[in-house]
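Step one of this worksheet: look at the structure below.
Here the structure is a predicted model, which means the values were calculated and not measured. Residue numbering restarts at 1 for every chain, and letters A, B, ... go by the order of the sequence lines.
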Amino acid sequence: MPELLLEPAFLAQLDRLTLVSRRLRAGQMQAERRSPNRGSSVEFADFRTYTPGDDFRMIDWNAYARLEKLFLKLFVAEEDLTIHILLDGSQSMVWGEPQKWRYAQRLAAALGYIGLVGMDRVTGAALGCAGEAVNRFRPVRGKKQALVWFTWLDSLHPGAAVRPEVDLRTYAAQAGRPGPLVLISDLLGPGWERGLRTLAGQGFEISILHLLAPQELDPALEGDVRLVDVENLDGVEITADFDLLRRYQERLQAWREGWSREAAALGAHYVPIVTSSALEELILAYLRRYEVLR
Amino acid sequence: MAFLVPAAFALSALLPVILAFYFLKLRREEVRFSSTYLWQELVRDTAANAPWQRLRLSWLLVLQLLFLILLILALARPFTWTRGATGNALILVFDTSASMGATDVAPDRLSEAVRQARRLIEALPADGRVTVITAGETAQVLLAGSTDRGQIFRALETLRPGLAGADMASALELATALATGEGDVEIVLLSDGGVKLPERVSTSAALRYLPIGQSAENQAIAALALTLENAGQNVNAFVRVVNYGAANVTRRLVLTAYTTCLPPACQGQIVAARKLDLPAGGAQSLNLADLPPETLAVQARLEGEDDLALDDVAWAVTPVIAGAQIQIVGPGNRFLEAALGLLPGVEMTRVTLEEYKQTWNTEALSVTAASATWLTIFDGVLPEPGHYPPGALAFIAPVRSTEFFSVTGELQLPTPVPASSAEPLLRYVDLGDVVIARAARLPLPAWGRPVIVANQAGDGAYPLLTVGEIGGRRLAVFAFDPRESDLPLRVAYPLLWAHLVEYLAPGTGSVLPLAVPFGQPVEIPLPPQAQALRISTPAGTVTRLDVTPEQNSVLFQETAALGLYEVNWEDDRGNVYLLGRFAITPFSGQEAQIAPRAELPIGGGEGIGVAADKAVPREWWRPLAWAGLLVLAVEWLVQYRGHLALLWNRLQGREVA
């Protein structure tokens with residue numbers, strides 16, 4: 001029996017959380033999020049002069065009695081929001097202990113579930129998974145669709161080549177309404193910056209969840225070795241002495257700080273994550289501190 | 001410089017091999033990693049697939065090449081020609097006599113001998129064996145056939161000049177015995193020549209003498225003695241100072257007298273100081289009269305400097321009148337006093353019975369004087385019962401019974417015969433034809449052993465002379481008065497008393513010497529009442545020796561310190577009596593003549609001298625090997641410096657950033 005992505009007890013804790021959207025967005029269906037559109041909620045929004053064709057049921061007759069002019073009484077609309085969850089399915093994700101891909105799957109499952117419970121539309125895509133270059137998940141809504149979301153995540157087979165810039169551009173072009181977008185990736189390799197800039201340009205509110213394995217932070221290497229890249233099988237010969245490992249860690253730190261600055265420039269959240277940290281703690285405490293969740 | 005094993009340079013072929021390792025890329029272990037994206041910037045200068053890489057200057061490469069070069073050089077065994085010993089094995093005989101402490105060569109002659117020995121040892125081949133023999137008071141093998149240079153040099157460091165002469169004859173005997181069976185061996189004598197030499201030395205080994213020392217400048221106190229005159233009222237000192245040097249010198253002689261106790265407990269007082277003009281090879285003798293009458297001992301010291309300070313000081317003690325104390329109680333006995341007066345170390349006093357009783361009644365006798373009395377002879381008289389002094393007792397012709405024996409009657413004209421033919425007391429004592437007028441009939445007491453018995457028909461074998469021991473004291477009883485016999489007219493009489501006194505008061509006859517040669521044991525005679533001896537040494541320590549009544553004397557061997565000793569004895573009541581004093585003085589005429597001899601006459605007048613050093617190869621592989629080891633250690637540190645830094649950080653409890 002395959003391992004459950006998320007434990008039922010953990011799912012119950014997720015019911016209370018909501019994905020944060022910093023902007024009001026028009027939705028497709030009536031839901032629980034405030035919309036820039038005027039709708040039928042009980043919250044008054046504005047008055048507007050009547051023009052032929054308007055729904056006369058919305059006319060404020062009390063105003064007409066006092067002013068003899070027809071005004072429409074407008075209320076705040078509460079609509080749904082489309083949440084985009086993108087997974088990096090490159091071969092480098094299938095590495096580390098605990099494995100980055102499995103961690104990414106569980107993280108995506110939790111975030112999608114939070115969206116579905118909040119009556120938002122959840123869509124997503126896996127980059128580099130078997131089949132097409134961008135394996136898309138069509139938008140679903142409602143808590144009942146959680147199983148569909150979990151099943152899709154479970155069915156993904158990572159390992160194909162990822163071209164971040166092209167794949168993210170393709171997604172931006174094909175995604176319908178922009179909304180909050182969560183990218184779960186180790187960001188190893190070039191092209192991610194340009195792809196994310198395209199998405200930000202399209203109006204996506206991006207959160208970058210940067211996954212790294214503990215072995216990438218503190219490699220247990222010693223002596224003369226040939227490092228083989230699991231994606232392209234390129235080799236790099238190193239002498240893993242104290243000096244080189246120190247320089248590697250300095251380089252890694254600088255790289256993560258560079259991503260933090262890039263995210264700030266895009267108006268995105270950047271959350272560095274180590275797969276050795278507990279997922280429950282990450283969701284319930286860490287992501288709330290980074291204001292990805294509320 | 002030449003090389004013993006030039007073939008070792010063939011190993012130079014390894015140098016390009018090491019270089020090749022740095023040209024060739026390593027075949028590395030492959031490790032799969034998530035991405036090499038971050039690593040590529042760190043190792044941009046590493047070519048990807050070429051089998052060769054450009055040679056980069058590396059400390060490791062330099063150190064490894066240096067190590068190999070040092071190793072090849074060491075294996076090639078480079079050497080230079082030097083002057084040294086002729087053999088493959090060396091037997092070093094060090095003279096450690098007192099004269100080797102002379103400072104004419106700095107710091108002293110023995111240190112110079114060690115320095116020359118080191119030079120010889122360093123010139124030996126690497127596997128050359130070294131034996132070290134010291135010729136001090138006794139000959140001793142410090143090290144035999146060692147090839148361990150460290151061990152040899154450590155042994156040489158322990159050498160110190162002694163205070164006595166050198167037994168070079170025994171040392172040479174040892175050396176020749178050790179040389180037997182060795183192949184190419186050389187015996188080297190390191191000495192100043194002032195040694196006792198054997199008549200002849202027969203050895204197949206090369207024998208060489210390395211004279212140590214340069215000058216002969218030494219003055220010594222050759223004699224120092226104290227004499228008593230006017231019955232001990234005047235104390236005179238006799239001092240003789242000899243200049244063994246080749247130059248006229250002036251020295252100042254200072255005489256310090258100790259009047260209350262000996263150093264270091266007491267400070268002496270200077271009683272005389274004389275300037276002495278000593279011609280080269282000459283001597284001066286001084287008689288210093290009128291020293292304080294209470295002088296116990298003196299120290300003579302030569303002020304100023306010469307090359308041997310050891311013999312610039314000497315000690316002497318005043319003779320102590322402390323022989324074996326023998327007391328005769330009786331009206332007077334010329335024969336007896338004459339016989340006892342012949343005994344050496346005996347001090348005899350005579351009192352009448354009345355005087356004895358008077359002294360006894362004042363109780364002065366029992367405490368002091370009598371305690372020091374070794375033997376009391378009651379000549380024809382007897383004290384009150386129980387009024388006997390401590391110490392041995394002898395009775396002559398007792399007139400009645402005492403608690404020791406019974407008198408039951410009288411024997412007329414008894415014929416004396418030895419009780420046993422093996423009787424030690426009658427050794428050389430001829431009793432033949434001795435006529436005795438009469439004797440007391442004295443049955444043999446339970447404690448007694450008959451020495452002379454009366455061979456008289458009908459009267460049984462009554463003893464005429466009985467000896468024995470009762471209650472820890474020795475007794476002798478003459479049943480007859482020798483004056484009523486012709487025994488005192490015979491030679492046997494003083495002989496018999498000599499044997500008797502030796503038996504009754506063992507220790508008489510031997511006298512504590514006034515001066516003892518350094519290192520010699522001292523025989524200390526024991527009074528019969530002595531329970532313990534207390535000997536104070538020049539260092540201020542007091543040695544207590546318990547003695548048994550059977551002991552006649554004690555051999556005291558702790559005479560290694562020069563200076564003044566005092567010997568006291570304790571009786572069973574804890575009273576302490578002075579036995580005597582003696583001095584240990586270093587002077588030895590042979591050691592005082594410090595002029596080094598150029599040749600040693602050994603082997604029937606045939607001298608051995610300074611053989612010319614032959615040219616021998618001196619090898620240099622050791623320093624090279626050490627340097628190689630050092631380079632290897634540095635190479636290891638360079639190789640693992642990262643690990644060591646990491647380890648250090650962890651030990652410091654710091655996490656690596």
Quiz item: Between B:Arg154 and B:Glu157, does a salt bridge (Lys or Arg N to Asp or Glu O under 4.0 Å) hold up when you go through it step by step?
Solution: CA-CA 5 Å; B:Arg154 277 196 300 280; B:Glu157 291 301 316; over 6 Å; no

Quiz item: Are A:Phe137 and A:Trp149 near enough that their ring centres are under 6.0 Å apart?
Solution: yes

Quiz item: Do the ring planes of A:His210 and A:Trp255 sit parallel (below 30°), tilted (30 to 60°) or perpendicular (above 60°)?
Solution: perpendicular

Quiz item: Does B:Phe3 have its ring centroid less than 6.0 Å away from the ring centroid of B:Phe9?
Solution: yes

Self-check item: Which of A:Leu227, A:Asp218, A:Val236, A:Leu245 touches chain B most, by non-hydrogen pairs under 4.5 Å
Solution: A:Leu227

Self-check item: Most contacts with chain B, counted as non-hydrogen pairs under 4.5 angstrom, among A:Gln215, A:Glu231, A:Glu216
Solution: A:Glu216

Quiz prompt | Contact class of A:Glu222 relative to chain B, heavy atoms under 4.5 angstrom | solution = side chain

